[in-house]
Amino acid sequence: MDALEQLIKTFFDWEAMGAVVPSMLTVGLPNTLLLAVSSGVLGCILGMVLAVMAISRNPVLRWLSRIYTDVFRGVPAIVTILLIGIGLGPIVRQLTGSTNPFPLGILALTLMAAAYIGEIFRSGIQSVEKGQLEASRALGFGYSASMRLVVIPQGIRRVLPALVNQFISLIKDSSLIYLLGLLSSQREIFRIGNDAAANSGNLSPLIAAAALYLVLTIPLTHLVNFIDNRLRTGRPEKKEPDELAAVVGKGAQA
Amino acid sequence: MSEFTSGTLTAKNIHLSFGSNHVLRGIDLHVEKGTTASVIGPSGSGKSTLLRVMNRLIEPQRGDILLDGRSVLQDNPDELRQRIGMVFQQFNLFPHKTVVENVALALRKLRKMPKDQAHAEALTQLDLVGLKHKAEARPSNLSGGQQQRVAIARALAMKPEVMFFDEATSALDPELVKGVLALMADLAKGGMTMVVVTHEMGFSRNVSDTVTFMDGGVVVETGPPEQLFTDPRTDRLKGFLSDVL
């Protein structure tokens, strides 16, 4: 029984967990969300640029997008974060005087996310039937207006589930920013748990961190399923009064 | 249907190849203002491609396209397409927009109408095709026939001088074909210049002013419907008619 007690003590020491929860919620959570949301938004913008380049008729743009995507998808996150975060640190310090690792951390996360998001957007845009572009062109819209008004909005809708998955990855990957050295107030969820675990020699604070990550990510995975369903079946139609009244004469409207 | 400001459309000696595939081999087509020309022929004869060349969705490699006697090949193709409405076999309504937004989109963005005015104009067009009550529905909640009528309203909203129909009823369930054909016949009677690529021989015979039979990328025969349908001169047209009638 000693071994079991030892295990429980190591992972589920409620006291150790309770001690770390306040700072995890007030410091860790906002920082994690700041990292994930800002790199998510920026990653979507850069990803859209990459996707539009990838389907462009200009071969140079296509190649640039291809190379970018291959590089940033193919290099481990930890390598990119260290190279960008540490490598560009001195330049940022010289230019702005700031030693805050967040901007470069967000940049590294953005650059990686954009590679994946670009591929997600590209596949979505390319899945839109050719007739949509043709119909838009036939109305008199140019290529870029057709893409902007007709094709891309439909493409994005189709890949919303994949996009949410990417955001879940970002929430988890944002923990790697601890490698850049964080001040006490800059720590994200993982780092707070990790510090507490290191100080107490007990892993329970990391369990608390894991639980908080799950609180963020599990609702998102269910959001994915919800969106997926909604996209498949369409949103429930709101019946208009005259539509209900028109049921009788429906044969005439075919 | 009201009167239209339609134009005369002429295609002269149109050539187009995709690689070694010579799809259009010197097509001539003349559609007088306010008349309906139907184009018939077997699948792969180049009918649909001809429509796309005449509104420059595909650029011809040789030949000329004239609208009201003036070549349009030097014009901005986007502006040319605003003058020519097109209706597709697969409707191609924009599924992420409501019915009224589908019709209003080009009015707002290309005609630069304020939103309210574009909306009102779109409702007027929807009323003409009998679907005003579906204005706020999504295209996916409409029957194929209704979708095609919305597509026609969308094209008409731009006040085109010519309308193209690319096998507009081929994807419809049989019982929905009639409503769309009746609407097209109304447009023809109202004086719209129309080019109708179709497999509906009844429509071609009864509604159009001229019929053009294409096969293998050339115009084999062209003339008034009573002549082509009752007295075909070529074996190819005779064979085609005996296959489809």
Side-chain angles (χ1 to χ4, degrees), chain A residues 48 57 121 124-161 163 227-254, chain B residues 51-52 55-58 76-97 102-103 105-111 130-138 140-146 149 151 154-155 157-158 160 164 166 172-173 175-180:
Chain A
M48 183 52 74
R57 281 166 289 192
F121 280 151
I125 292 168
Q126 286 182 328
S127 77
V128 175
E129 297 75 19
K130 212 174 133 263
Q132 291 290 312
L133 177 61
E134 198 174 42
S136 175
R137 300 298 313 261
L139 278 171
F141 287 107
Y143 176 81
S144 49
S146 298
M147 293 304 278
R148 187 163 44 81
L149 296 169
V150 174
V151 179
I152 289 177
Q154 291 182 56
I156 291 178
R157 260 158 233 247
R158 293 178 191 199
V159 296
L160 278 181
L163 216 53
I227 295 173
D228 210 23
N229 261 328
R230 180 79 158 253
L231 288 177
R232 224 183 290 281
T233 56
R235 80 173 154 187
E237 180 92 336
K238 221 176 36 198
K239 289 274 179 200
E240 297 149 55
D242 65 336
E243 196 175 15
L244 290 171
V247 171
V248 184
K250 211 170 182 190
Q253 291 170 22
Chain B
L51 282 186
R52 282 163 177 73
N55 71 0
R56 294 178 66 195
L57 280 172
I58 306 170
N76 177 333
D78 296 333
E79 278 164 25
L80 170 67
R81 286 190 287 265
Q82 293 180 30
R83 301 167 63 192
I84 301 179
M86 185 159 182
V87 175
F88 300 87
Q89 182 177 354
Q90 299 297 339
F91 329 135
N92 294 341
L93 293 180
F94 306 137
H96 60 304
K97 296 191 174 294
N102 263 274
V103 182
L105 183 70
L107 295 175
R108 278 175 54 204
K109 303 288 178 179
L110 294 173
R111 294 275 186 261
L131 287 171
K132 196 177 176 185
H133 63 291
K134 291 288 185 186
E136 298 303 327
R138 296 268 161 181
S140 56
N141 291 316
L142 267 52
S143 74
Q146 290 173 331
R149 278 149 58 194
R154 178 174 71 176
M158 290 295 281
F164 288 175
D166 184 17
L172 294 177
D173 292 336
E175 76 272 19
L176 305 180
V177 169
K178 236 166 123 185
V180 172

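Each chain gets a letter, A, B and so on, in the order its sequence line appears, and its residues count up from 1.
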dist Lys134(B):NZ -> Gln146(B):CD (nearest 0.5 Å) comes out at 5.5 Å
Honestly, the part of Leu93(B) sitting under 4.5 Å from a heavy atom of chain A is backbone
So, the part of Leu105(B) with a heavy atom under 4.5 Å from chain A: the answer is both
Looking only at Met158(B), Gln90(B), Arg154(B), the option with the highest number of non-hydrogen pairs under 4.5 Å against chain A is Arg154(B)
Are any of the side-chain heavy atoms of Tyr143(A) and Val151(A) separated by less than 4.5 Å? no
Whatever's closer than 4.5 Å to a heavy atom in chain B on Arg137(A) counts as both
In terms of heavy-atom pairs under 4.5 Å with chain B, the winner among Gly131(A), Pro153(A), Ala138(A) is Ala138(A)
When every non-hydrogen atom of Asn55(B) is compared with those of Arg81(B), the smallest separation belongs to O-CG, 3.0 Å
Fill in: Glu79(B) side chain reached by Arg83(B) side chain, heavy atoms, under 4.5 Å
no
Turns out that what part of Phe94(B) lies under 4.5 Å from chain A's heavy atoms comes down to both
Applying a strict 4.5 Å limit to non-hydrogen atoms, the region of Glu129(A) in contact with chain B is neither
Check: So, do Val150(A) and Phe141(A) sit near enough that their side-chain heavy atoms are less than 4.5 Å apart?
Finding: no
From the list Ala155(B), Pro95(B), Gly85(B), the residue making the most non-hydrogen contacts under 4.5 Å with chain A is Pro95(B)
Tested for side chain to side chain contact (heavy atoms under 4.5 Å, CB included) against Arg149(B), the lone hit among Val87(B), Leu176(B), Leu131(B) is Leu131(B)
Rounding to 0.5 Å, atoms CG (Leu57(B)) and CD1 (Ile84(B)) come to a distance of 9.5 Å
The interface call for Lys178(B) against chain A, heavy-atom contacts under 4.5 Å, is neither
If one checks every heavy atom of Arg56(B) against chain A at 4.5 Å, the contacting part turns out to be neither
